[in-house]
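The structure appears right after this line, and notes come after that.
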Amino acid sequence: MTNGDDLDKVFRLRYECYRAENSIPRNEDRVMSDSFDESDNCVHVAVEMDDTVVAAVRLHLVSRLNKEAPTIEVFPEIMETVDAGNTLLDPTRFVVNPEARKARLPLHFLALRIPFLATSFYDVDVALAPVRTEHSAFYLRYLGYEVYAPPRQYPGLKKPVCLLTAKVKEHRDEVLHRYPFFGKIESIPQSEINFPRLRESYVASGRNSFRAA
């Protein structure tokens with residue numbers, strides 16, 4: 001949805017989700033957005049069901065061409081990883097429709113699949129996960145993440161978040177073995193994501209050290 005005209009749907013879903021957890025204050029516009037939504041290295045992806053946006057995530061691709069990302073503002077020491085020649089994926093504003101969660105629809109898996117596919121498409125070295133402590137167990141146990149920094153206050157949110165990181169090229173095969181639907185699904189063409197190339201604002205490190213899935 002990066003180049004589309006429907007981002008307002010995402011901003012309204014964000015507001016609804018964060019308000020459901022009392023993580024942000026009320027506002028009259030009932031939208032949640034910030035300046036990072038307009039960054040050149042930002043990609044917006046949503047999950048749609050029956051013409052309704054039911055989940056979404058914002059991705060920032062960090063490389064030597066563009067080092068702007070919201071999580072770097074909170075955890076600036078992660079820049080050591082970029083300075084060492086690595087690229088980062090910073091997924092933020094991960095939201096799932098509250099009613100869909102109550103209905104136990106597995107939309108969180110579909111939403112998590114988005115950054116996983118992005119790490120392959122953009123040949124990313126390290127994926128970030130700025131999450132609340134109570135949400136970290138799944139990332140640590142199943143997706144190869146490690147704790148990088150303890151909880152800190154995140155701008156615009158009432159609850160602090162910790163920072164997890166994963167060397168995605170090292171753990172990709174293991175994750176796909178456990179959750180093959182995180183990869184390409186030939187039988188479901190609409191499951192593929194037409195990521196923008198970002199040639200002017202992102203360049204891979206060229207460290208193609210992972211094995212083919």
Side-chain angles (χ1 to χ4, degrees), residues 1-24 26-34 36-39 42-61 70 89-122 124 127-132 134-139 141-143 145 156-157 159 161 168 172 175-198 213:
M1 300 183 76
T2 305
N3 299 317
D5 298 323
D6 295 329
L7 273 179
D8 190 60
K9 295 180 181 178
V10 172
F11 299 156
R12 291 186 181 281
L13 175 62
R14 278 186 200 166
Y15 178 83
E16 180 183 354
C17 293
Y18 279 90
R19 279 299 305 156
E21 295 189 352
N22 196 32
S23 296
I24 60 171
R26 296 181 185 275
N27 70 61
E28 294 182 0
D29 295 329
R30 300 183 65 82
V31 298
M32 183 182 182
S33 64
D34 57 45
F36 286 106
D37 288 316
E38 300 177 4
S39 302
C42 178
V43 176
H44 296 275
V45 184
V47 178
E48 216 173 44
M49 181 182 294
D50 298 329
D51 297 322
T52 300
V53 174
V54 293
V57 64
R58 177 177 70 182
L59 311 173
H60 279 83
L61 281 301
L89 177 72
D90 183 20
T92 55
R93 302 301 190 233
F94 183 115
V95 290
V96 175
N97 182 286
E99 294 303 316
R101 296 183 71 164
K102 290 179 182 178
R104 297 188 179 277
L105 295 176
L107 292 176
H108 57 291
F109 282 111
L110 289 176
L112 277 172
R113 184 173 179 266
I114 295 167
F116 190 88
L117 287 176
T119 61
S120 294
F121 183 87
Y122 293 108
V124 170
L128 309 183
V131 298
R132 299 210 307 266
E134 62 267 31
H135 293 165
S136 63
F138 181 84
Y139 291 83
R141 183 174 182 181
Y142 297 111
L143 299 181
Y145 280 80
L157 301 182
K159 301 177 181 179
V161 301
V168 289
R172 182 175 287 122
V175 173
L176 284 174
H177 178 74
R178 182 177 283 119
Y179 301 115
F181 56 83
F182 272 16
K184 290 188 176 182
I185 306 174
E186 303 294 343
S187 60
I188 311 177
Q190 64 266 36
S191 69
E192 298 307 310
I193 300 173
N194 186 25
F195 291 108
R197 291 288 176 178
L198 302 181

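No hydrogens, no waters, no symmetry mates; every other heavy atom, side chains included, goes into these values.
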For the side chain of Asn27 and the backbone of Asp29, is there at least one donor-acceptor N/O pair under 3.5 Å apart?
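The answer is yes, because a donor-acceptor pair under 3.5 Å joins these two groups.
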
Has the side chain of Arg14 got a donor or acceptor atom that lies under 3.5 Å from a matching backbone atom of Val31?
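Flag not set: sc Arg14 to bb Val31 has no pair under 3.5 Å.
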
Salt bridge (Lys or Arg N to Asp or Glu O under 4.0 Å) assessment of Lys159 paired with Glu134:
CA-CA 11 Å; Lys159 301 177 181 179; Glu134 62 267 31; 5.3 Å; no

Can you tell if the side chain of [X] reaches within under 4.5 Å of the side chain of [Y], non-hydrogen atoms only?
| X | Y | value |
| --- | --- | --- |
| Glu48 | Asp6 | no |
| Leu198 | Tyr122 | yes |
| Leu112 | Phe94 | yes |
| Pro115 | Leu59 | yes |
| Asp34 | Arg58 | yes |
| Pro70 | Arg93 | no |

Ring geometry between [Y] and [X] (parallel below 30°, tilted from 30 to 60°, perpendicular above 60°):
| X | Y | result |
| --- | --- | --- |
| Tyr145 | Tyr139 | perpendicular |
| Tyr142 | Tyr179 | perpendicular |
| His44 | Phe11 | perpendicular |

Taking atom CZ of Arg178 as the centre, report whether more than 12 heavy atoms of other residues, nucleotides or ligands fall under 6.0 Å from it.
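Yes, CZ of Arg178 has more than 12 neighbouring heavy atoms, counting only those of other groups under 6.0 Å.
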
Quick check: are there more than 12 heavy atoms from other residues, nucleotides or ligands sitting under 6.0 Å from CG of Asn194?
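At most 12 heavy atoms, drawn from other residues, nucleotides or ligands, come within 6.0 Å of this atom.
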
Can you check side-chain contact (heavy atoms from CB on, under 4.5 Å) on Val53 and Val47, steps first, answer last?
CA-CA 6 Å; Val53 174; Val47 178; over 6 Å; no

Which is it for Thr92 and Phe36 under the side-chain contact (heavy atoms from CB on, under 4.5 Å) test, yes or no, and what are the steps along the way?
CA-CA 10 Å; Thr92 55; Phe36 286 106; over 6 Å; no

Run the side-chain contact (heavy atoms from CB on, under 4.5 Å) test on Lys184 and Ser120 for me, step by step, so that the C-alpha distance in whole Å, both residues' side-chain angles and the decisive distance to 0.1 Å come before the verdict.
CA-CA 10 Å; Lys184 290 188 176 182; Ser120 294; over 6 Å; no

